[in-house]
Protein chains: 2
Amino acid sequence: MRLTATSYIVLGLLARAGGQATPYALKQMAATSVGNFWTVQHAQLYTEPERLADAGLVEEERETGGRRRRRYTITAAGRAALDAWREAPVADRGELRDPGLLRLFFGADPEALGVAQVALHQAKLDEYESLHARAGQGLPSGERLALEAGIAHEREWVSFWRRLADGVRPCAGSSD
Amino acid sequence: MRLTATSYIVLGLLARAGGQATPYALKQMAATSVGNFWTVQHAQLYTEPERLADAGLVEEERETGGRRRRRYTITAAGRAALDAWREAPVADRGELRDPGLLRLFFGADPEALGVAQVALHQAKLDEYESLHARAGQGLPSGERLALEAGIAHEREWVSFWRRLADGVRPCAGSSD
DNA sequence: CCTATCATGTAATCCGTTACATGATTAT
DNA sequence: ATAATCATGTAACGGATTACATGATAGG
């Protein structure tokens, strides 16, 4: 069985939770944390733990009465897999994969696109900065650093698209 | 039939090519252009044009002799679809989705990770800058702008990971 | 009570990846 | 010639998205 990024997100969230968690709880956790830069469909938070249970990386416990909710706990094997992944050499850089950039590349009007993109990215940037100001110091260091990376990139996007919106052509290298 | 990002990459490349192109030619074009920020598996460049042909957005022509290669041309309907997409409002921001960032978020050692990531991103940055210096002025404006966005983000990554590699904790907002 | 929303899950579909496989070219 | 690489494709598998569907809970 192959472990994907989604697998490690589930394992990571379960480890972070410290105990049991239902798929819905995972969804809530993801939305306010890792979901800021890597979203997962809610259906996957129901199916992926099942796969992980088959592999022995998590343990499933089903409520007997009422809703028969599923509760998952990470196992020792799961923690080991998570640790191994954390320390494994990272072979691949992520890609930008920005839909707006794709349109720009294929000839969309820079000014119109820029205006729309600035709005999107500025909103996200505000959200990040507010989160950082409110909760930044309380976050585990990895999470805070990830948030700071997100802020830096959103700033870059805002700056990039704003220049397009203003009709000025940015030119990498011109500033140094 | 639903059009995906891959669909528009194929349509965009075919439009850019100006005439016929084989899947292999698409692969070559993608590798040196859009592939810098959005890669596509080579198998998709064989299957996706087929889907587009079913939808009437491209035309397939198969060589009769020898290798019986497939050659594709974008149709008027295809151009219309591409135009509509270019001008359509962009609803979604792209995600960072960086594997290294994911590990950082879930507790990987910042220094070790930073060292590895700096190497990856510095290499890519060098490649981009070299490409920009060599061919930048000759590129269509959208492509050049996309490349400049890529350069800006790679610079940001290098700076971010370098600080981690050096054991210094970056702090968004501290510099302004 | 009623209805809107939250919570919880399943099923089908399909795109994307991986693996396999073979036909041409080039180099030695 | 032969090996190596380039070029060209197909098939299978599986993860991810989409759509559907129903059970609880809270608000009015």
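Chain naming here is simple, since letters A, B, ... match the order of the sequence lines and numbering starts at 1 in each.
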5'-most by nearest nucleotide on DNA chain D - Ala43(A) or Met1(A):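 Looking at the nearest nucleotide for each, Met1(A) comes out on the 5' side.
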
Position toward the 5' end of DNA chain D (nearest nucleotide), Gln28(B) or Thr4(A):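 By nearest-heavy-atom nucleotide position, the 5'-most residue is Gln28(B).
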
Interatomic distance where [atom1] belongs to [X] and [atom2] belongs to [N] [whole Å]:
X	N	atom1	atom2	value
Arg2(A)	dA12(D)	CZ	C1'	14 Å
Lys27(A)	dA16(D)	NZ	C1'	16 Å
Ile9(B)	dG16(C)	CD1	C1'	12 Å
Trp38(B)	dT17(C)	CH2	P	11 Å
Asp92(B)	dT17(D)	CG	P	12 Å
His42(B)	dG9(D)	NE2	P	10 Å

Which nucleotide in dT18(C), dT10(C), dG9(D) has an atom nearest any side-chain atom of Arg62(B):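 Per side-chain heavy atoms of Arg62(B), the pick is dG9(D).
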
Residue Thr22(A), side-chain atoms from C-beta onward, closest of dT17(D), dT8(C), dG9(D):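 Among dT17(D), dT8(C), dG9(D), the one nearest the side chain of Thr22(A) is dT8(C).
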
So does [X] get a side-chain nitrogen or oxygen closer than 4.0 Å to the phosphate oxygens (OP1/OP2) of [N]?
X	N	value
Gln41(A)	dA16(D)	no
Gln44(A)	dT17(D)	yes
Arg71(A)	dT8(C)	no
Thr6(B)	dG16(C)	yes

Does a side chain donor of either [X] or [Y] reach within less than 3.5 Å of an acceptor in the other side chain?
X	Y	answer
Ser33(A)	Glu143(A)	no
Thr6(B)	Gln44(B)	yes
Arg51(B)	Thr47(B)	no
Ser159(A)	Arg163(A)	yes

Trp85(A) reachable from Leu3(A) in the ILVMFWY side-chain graph, under 4.5 Å edges: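 In one cluster with Leu3(A): Trp85(A), yes.
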
ILVMFWY cluster, Val115(B) and Leu120(B) together (side-chain gap under 4.5 Å):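 No, it is not one cluster - the side chains of Val115(B) and Leu120(B) are not joined through contacts under 4.5 Å.
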
Can you name the atoms? Protein N/O to nucleotides 25-27 of chain D N/O, anything below 3.5 Å, with the distance.
none

Salt bridge Arg103(A)-Glu87(B), side-chain N to carboxylate O under 4.0 Å: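 Not counted as a salt bridge, because no side-chain N and carboxylate O are separated by less than 4.0 Å.
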
Aromatic plane relationship, Trp161(A) with His121(A) - under 30° parallel, 30 to 60° tilted, over 60° perpendicular: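 Ring orientation of His121(A) relative to Trp161(A): parallel.
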
Lys124(A), Arg155(A), Arg134(A) screened by side chain to side chain donor-acceptor pair (under 3.5 Å) with Glu129(A), the one that passes: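 So, applying the side chain to side chain donor-acceptor pair (under 3.5 Å) to Glu129(A) and each of Lys124(A), Arg155(A), Arg134(A), only Arg155(A) qualifies.
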
Sorted by number, the residues of residues 46-60 of chain A with heavy-atom contact under 4.0 Å to DNA chain D: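 Here the set is Arg51(A).
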
